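Working notes, beginning with the structure itself.
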Amino acid sequence: MDETVAEFFKRTILKIPMAEMMTILKAWDFLSENQLQTVNFRQRKESLVQDLVLLCEKKRASLNDAAILDIVCEDIDLFDMEQFKRSFKKILQRALKNVTISFRDAEENAVWIRIAWGSQYRKPNQYRPVYVVYYSQTPYAFTSSSQLRSNIPLLGQALTIASKHHQIMKMDLRSRYLDSLKAIVFKQYNQTFETHNSTTPLHERSLGLDINMDSRIIHENRIEKERVQRVTQETFGYYPQPRLEFAQYKLETKFKSDLNGGILAEREEPLRCLIKFSSPHLLEALKALAPAGIADAPLSPLLTCIPNKGMNYFKIRDK
């Protein structure tokens, strides 16, 4: 790689904000994941640029590769948190005369937003604010419950426009624990919450199955015990679960019978019922059911799919 190309790379990388460096490089897709992991992104920017240029040189990057990086830099809309705040505040204040909005920056490119809603004739109620946590460059925001449901569409519109996303994702997922919600939404629960060594042999791990048994039946139960343990670990993993307090299932079904006639068979309206599972730590409680002998293993997918689907509100209808 000649000096002209190296200088072009240097100037292009220098104009990338440090907070967006990894995002841009991954979008460029020239340096591999393993190569990027060898780089210290916490060092001074000048040193970082030098290391990246050396990597490009080792991979024999061309002028065309540098041009593509420049295009990626222009194509990706770099997120400006201050601009987001100004835009968000302006949208709400134009729609509502009386509203108080406060911001506090948090870690991981997140911002906490406190909103005290008012109306055209009432001042903002500072005693019942709504809290919102927005993570930059994502279509997700976490909100506390609000008594003024009529303002929720306006809140969603303000987040969508200010974040420059096409839409803010609406998910049927609720919990009192922000870290658990974040872990489920961003698929981080198998990393963030992991505390056990997953390389430990199966028979060395414990799921609370070592209860006092008659020595004559231990051998007979061992195979089933190991099967339950294996299935449970395959389903839930080896790590603590995100913390949710409930899961709710709304069922709509029609009565089916091989016998003709009957009041229920003639009913046109579907039968409706609501089933709710609640626990201080629901997913850990579900994880313990089969090992405790309360349920068969594996559990129903309707119970085990909660983290993967990112929801704890379900509507189930006949196909």
Side-chain angles (χ1 to χ4, degrees), residues 33 107-108 110 133 135 138-144 169-213 217-251 253 273-317 319:
E33 187 74 27
E107 296 178 357
E108 300 179 349
V133 183
Y135 288 84
T138 74
Y140 300 104
F142 304 90
T143 67
S144 63
M169 300 295 292
K170 182 180 180 181
M171 304 182 70
D172 294 320
L173 181 67
R174 296 180 188 175
S175 174
R176 295 177 181 271
Y177 302 93
L178 177 60
D179 285 343
S180 292
L181 290 174
K182 184 179 68 173
I184 292 174
V185 168
F186 297 132
K187 305 296 182 184
Q188 297 172 338
Y189 52 89
N190 59 339
Q191 300 170 4
T192 307
F193 289 82
E194 185 166 0
T195 58
H196 302 290
N197 185 356
S198 59
T199 61
T200 306
L202 181 64
H203 64 274
E204 294 182 9
R205 302 194 195 111
S206 172
L207 288 173
L209 301 176
D210 297 326
I211 59 177
N212 295 324
M213 287 185 177
I217 64 173
I218 289 179
H219 178 73
E220 296 180 17
N221 288 346
R222 179 166 295 171
I223 295 177
E224 176 61 14
K225 172 182 172 181
E226 291 182 351
R227 185 193 73 84
V228 171
Q229 185 179 19
R230 183 180 64 255
V231 171
T232 301
Q233 290 174 339
E234 289 173 352
T235 303
F236 291 94
Y238 311 121
Y239 37 82
Q241 301 298 300
R243 192 164 184 174
L244 302 176
E245 302 86 37
F246 67 91
Q248 182 173 294
Y249 300 82
K250 287 185 176 181
L251 307 181
T253 183
C273 65
L274 177 67
I275 300 174
K276 186 173 182 179
F277 296 86
S278 60
S279 168
H281 203 325
L282 178 66
L283 295 179
E284 285 292 346
L286 294 175
K287 184 178 179 180
L289 287 178
I294 299 174
D296 293 332
L299 296 179
S300 167
L302 288 172
L303 297 174
T304 59
C305 72
I306 294 172
N308 288 332
K309 286 187 175 293
M311 58 192 299
N312 55 354
Y313 279 83
F314 295 86
K315 291 183 179 179
I316 304 170
R317 296 183 176 92
K319 293 183 179 179

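For clarity, every value in this text was computed on a predicted model and none was experimentally measured.
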[atom2] on [Y] to [atom1] on [X], rounded to 0.5 Å:
{"X": "F186", "Y": "L181", "atom1": "CZ", "atom2": "CG", "result": "10.5 Å"}
{"X": "M311", "Y": "Q248", "atom1": "CE", "atom2": "CD", "result": "11.0 Å"}
{"X": "K309", "Y": "I184", "atom1": "NZ", "atom2": "CD1", "result": "14.0 Å"}
{"X": "T253", "Y": "R317", "atom1": "OG1", "atom2": "CZ", "result": "12.0 Å"}
{"X": "L289", "Y": "E284", "atom1": "CG", "atom2": "CD", "result": "11.5 Å"}
{"X": "E226", "Y": "R230", "atom1": "CD", "atom2": "CZ", "result": "8.0 Å"}

Over all atoms of both residues, closest heavy-atom pair of [X] and [Y]:
{"X": "R174", "Y": "Y313", "value": "NH1-OH, 2.8 Å"}
{"X": "A290", "Y": "A297", "value": "CB-CB, 3.8 Å"}
{"X": "N312", "Y": "L173", "value": "OD1-CA, 3.2 Å"}
{"X": "L286", "Y": "L303", "value": "CD1-O, 3.7 Å"}
{"X": "V185", "Y": "M171", "value": "CG2-SD, 3.8 Å"}
{"X": "L283", "Y": "P307", "value": "CD1-CG, 3.8 Å"}

Begin from the C-alpha positions of V228 and K225 and carry the test side chain to side chain contact (heavy atoms under 4.5 Å, CB included) through to its verdict.
CA-CA 5 Å; V228 171; K225 172 182 172 181; 6.0 Å; no
Within the side chain of Q241, is there an N or O that forms a donor-acceptor pair under 3.5 Å with the backbone of Y239?
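Yes; judged by distance alone, with no hydrogens or angles, the pair exists.
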Does Y249 use its side chain to pair, donor to acceptor, with the backbone of L302 at less than 3.5 Å?
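Judged by distance alone, yes, a pair lies under 3.5 Å.
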More than 12 non-hydrogen atoms from neighbouring residues, nucleotides or ligands closer than 6.0 Å to CG on D296, yes or no?
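Count not over threshold, so no.
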Might you work through the side chain to side chain contact (heavy atoms under 4.5 Å, CB included) test for L299 and F236, ending with a clear yes or no?
CA-CA 10 Å; L299 296 179; F236 291 94; 4.0 Å; yes
Can a donor-acceptor pair be found between the side chains of S175 and E245 at a distance below 3.5 Å?
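There is such a pair (donor and acceptor under 3.5 Å, judged by atom type) between the side chains of S175 and E245.
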